[in-house]
**Student:** 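Structure provided below as structure tokens; questions to follow.
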Amino acid sequence: MSTSGTPPGATHRGSPWSQELIEHLKPYASVRHVERGERLDLEVNGQGMCYLIIEGSVAIYRTSDNMLLSTSTSPGVFGLANLTDVYFDDYLKTIKPCTIGFIDTQTANTVIKEKGLWKLVSDHLMVIYDRLYHHIMPRGAATAYDMVRQQLFELMNEEESFRHDITAERYIREKTHLSRSGVMRILADLKAGGYVEMEDGVLMKIHKLPAKY
């Protein structure tokens, strides 16, 4: 393994416009306490849904293959891309107990029109799409090791309670769909080489991941 390479900087995990959007939309939403592990679909019975993450953390999954796309900590707003139609049928899963506002896209659309919030919504969605393009969608013909390396950095930047509740192998497979045996082999080599510290499969610390495998 080559020992060159440094970890990428931590990414900004949310939109700076989320709190302002929550303040505008919350009076029209049904606010509920949601337990850990609950699934929240962006489409329910043909109706688009928006979720205001007032307190807590959620994971975002792609419905078609249950791939883990990202995680988000409050404040967060999801579902606004479906205001005029259901373009994204992803779902959220609560990582820990959350306080969430539920509002259908039809109501949200009306509020946004009446309050003239389109610029705010546009700014919010641009941040979300930027994160999707630069940090979630695969770029180039990455090797299995490149993908594992990137996801280890992503995992290390996750909220500690979430990181300690999921094995590195499961996190990487849910985000890449690489084979279990391939991921386990790479992780075992990294642990044996002293590049990472793991306890019962949970990532505890990254020392310095080699750029090449």
**Student:** Which heavy atom in Ala168 sits nearest to a heavy atom in Met198, and how many Å separate them?
**Tutor:** CB-CE, 3.7 Å
**Student:** Going only through I, L, V, M, F, W and Y residues with side-chain contacts under 4.5 Å, is there a path from Leu92 to Val44?
**Tutor:** yes
**Student:** Working to the nearest 0.5 Å, report the span between CD1 of Ile95 and OG of Ser161.
**Tutor:** 7.5 Å
**Student:** Do Arg170 and Thr167 have side chains that approach each other closer than 4.5 Å (heavy atoms only, starting at C-beta)?
**Tutor:** yes
**Student:** Flag yes if Met204 and Met184 sit in one hydrophobic cluster, no otherwise; membership is Ile, Leu, Val, Met, Phe, Trp, Tyr, and two members link when side-chain heavy atoms are under 4.5 Å apart.
**Tutor:** no
**Student:** Is a salt bridge present between Glu197 and Lys191, judged by a nitrogen-to-oxygen distance below 4.0 Å?
**Tutor:** no
**Student:** From Cys50 SG over to Ile100 CD1, what is the distance, rounded to the nearest 0.5 angstrom?
**Tutor:** 13.0 Å
**Student:** Look only at the side chain of Asn109 and the backbone of Thr84, and say whether a donor-acceptor pair between them is shorter than 3.5 Å.
**Tutor:** no
**Student:** CE/Met147 to CG/Leu152 distance, rounded to the nearest 0.5 angstrom?
**Tutor:** 12.5 Å
**Student:** If you draw a 6.0 Å radius around CD in Glu38, do more than 12 non-hydrogen atoms from other residues or ligands fall strictly inside?
**Tutor:** yes
**Student:** Ignoring hydrogens and geometry, is there a side-chain-to-backbone donor-acceptor pair from Ser74 to Gly76 under 3.5 Å?
**Tutor:** no
**Student:** Take Glu20 and Leu120 through the test side chain to side chain contact (heavy atoms under 4.5 Å, CB included) and record every step on the way to the result.
**Tutor:** CA-CA 8 Å; Glu20 189 174 353; Leu120 182 61; 3.7 Å; yes
**Student:** So which atom in Leu69 and which in Lys175 form the shortest heavy-atom distance, rounded to 0.1 Å?
**Tutor:** O-CE, 3.8 Å
**Student:** Considering only heavy atoms from C-beta outward, does the side chain of Tyr195 approach that of Pro210 to under 4.5 Å?
**Tutor:** yes
**Student:** Is there a side-chain contact between Val196 and His207, using heavy atoms and a 4.5 Å cut-off?
**Tutor:** no
**Student:** Walk me through it: do His124 and Ser18 pass the test side chain to side chain contact (heavy atoms under 4.5 Å, CB included)?
**Tutor:** CA-CA 7 Å; His124 170 74; Ser18 293; 3.6 Å; yes
**Student:** Tell me, yes or no, whether the heavy-atom count around Asp200 atom CG, taken from other residues, nucleotides or ligands under 6.0 Å, exceeds 12.
**Tutor:** no
**Student:** Heavy atoms, side chains only, cut-off 4.5 Å: are Leu203 and Ile206 in contact?
**Tutor:** yes
**Student:** Just how far is it from atom CG of Leu21 to atom CD1 of Ile112, taken to the nearest 0.5 Å?
**Tutor:** 7.0 Å
**Student:** Does Phe102 form a side chain to side chain contact (heavy atoms under 4.5 Å, CB included) with Val34? I'd like the steps, not just the answer.
**Tutor:** CA-CA 11 Å; Phe102 292 66; Val34 182; 4.0 Å; yes
**Student:** Nearest heavy-atom pair of Pro27 and Glu23: which atoms, and what distance?
**Tutor:** CD-O, 3.5 Å
**Student:** Verify salt bridge (charged side-chain N to carboxylate O under 4.0 Å, His left out) between Lys96 and Glu159, making sure each step is shown before the conclusion.
**Tutor:** CA-CA 11 Å; Lys96 59 185 181 181; Glu159 187 175 297; 2.7 Å; yes
**Student:** Between Arg180 and Glu169, does at least one N-O distance fall below 4.0 Å, as a salt bridge requires?
**Tutor:** yes
**Student:** Can you confirm whether Ile53 sits close enough to Val77 that some side-chain heavy atom of one is under 4.5 Å from a side-chain heavy atom of the other?
**Tutor:** no
**Student:** Should the heavy atoms of other residues, nucleotides or ligands under 6.0 Å from NZ of Lys26 be counted, would the total exceed 12?
**Tutor:** no
**Student:** Taking only Lys NZ, Arg NE, NH1 and NH2, and the carboxylate oxygens of Asp or Glu, determine whether Asp146 and Arg149 approach each other closer than 4.0 Å.
**Tutor:** no
**Student:** Taking C-beta and beyond as the side chain, do Ser30 and Ile103 meet within less than 4.5 Å on heavy atoms?
**Tutor:** no
**Student:** Return the CD to OG distance between Glu154 and Ser70, rounded to the nearest 0.5 Å.
**Tutor:** 7.5 Å
**Student:** Of all heavy-atom pairs between Ala108 and Leu83, which one has the smallest distance, and what is that distance?
**Tutor:** CB-CD2, 4.0 Å
**Student:** Looking at side-chain heavy atoms only, is the closest gap between Thr71 and Val58 below 4.5 Å?
**Tutor:** no
**Student:** Gln47 and Thr105: side chain to side chain contact (heavy atoms under 4.5 Å, CB included), yes or no, with the steps?
**Tutor:** CA-CA 7 Å; Gln47 172 66 63; Thr105 52; 3.1 Å; yes
**Student:** Are Val121 and Ile22 linked, directly or through other ILVMFWY residues, by side chains that come within less than 4.5 angstrom of each other?
**Tutor:** yes
**Student:** Is there side-chain contact between Gln151 and Thr176, with at least one heavy-atom pair below 4.5 Å?
**Tutor:** yes
**Student:** May I ask you to decide if the ring planes of Tyr61 and Tyr91 are parallel, tilted or perpendicular, using 30° and 60° as cut-offs?
**Tutor:** parallel
**Student:** What I want to find out is whether Asp165 reaches Arg163 closely enough, with some N-O distance under 4.0 Å, to be called a salt bridge.
**Tutor:** no
**Student:** Tell me whether Lys212 forms a cation-pi arrangement with Tyr145, defined as NZ or CZ under 6.0 Å from the six-membered ring centre and within 45 degrees of its axis.
**Tutor:** no
**Student:** Applying a strict under-4.5 Å side-chain criterion to I, L, V, M, F, W and Y, I'd like to know whether Tyr129 and Leu117 cluster together.
**Tutor:** yes
**Student:** Would Leu68 and Val202 show up in the same hydrophobic cluster when neighbours are defined by side-chain heavy atoms closer than 4.5 Å?
**Tutor:** no
**Student:** Which distance, rounded to the nearest 0.5 Å, do you find between the CD of Glu43 and the CG of Asp104?
**Tutor:** 12.5 Å
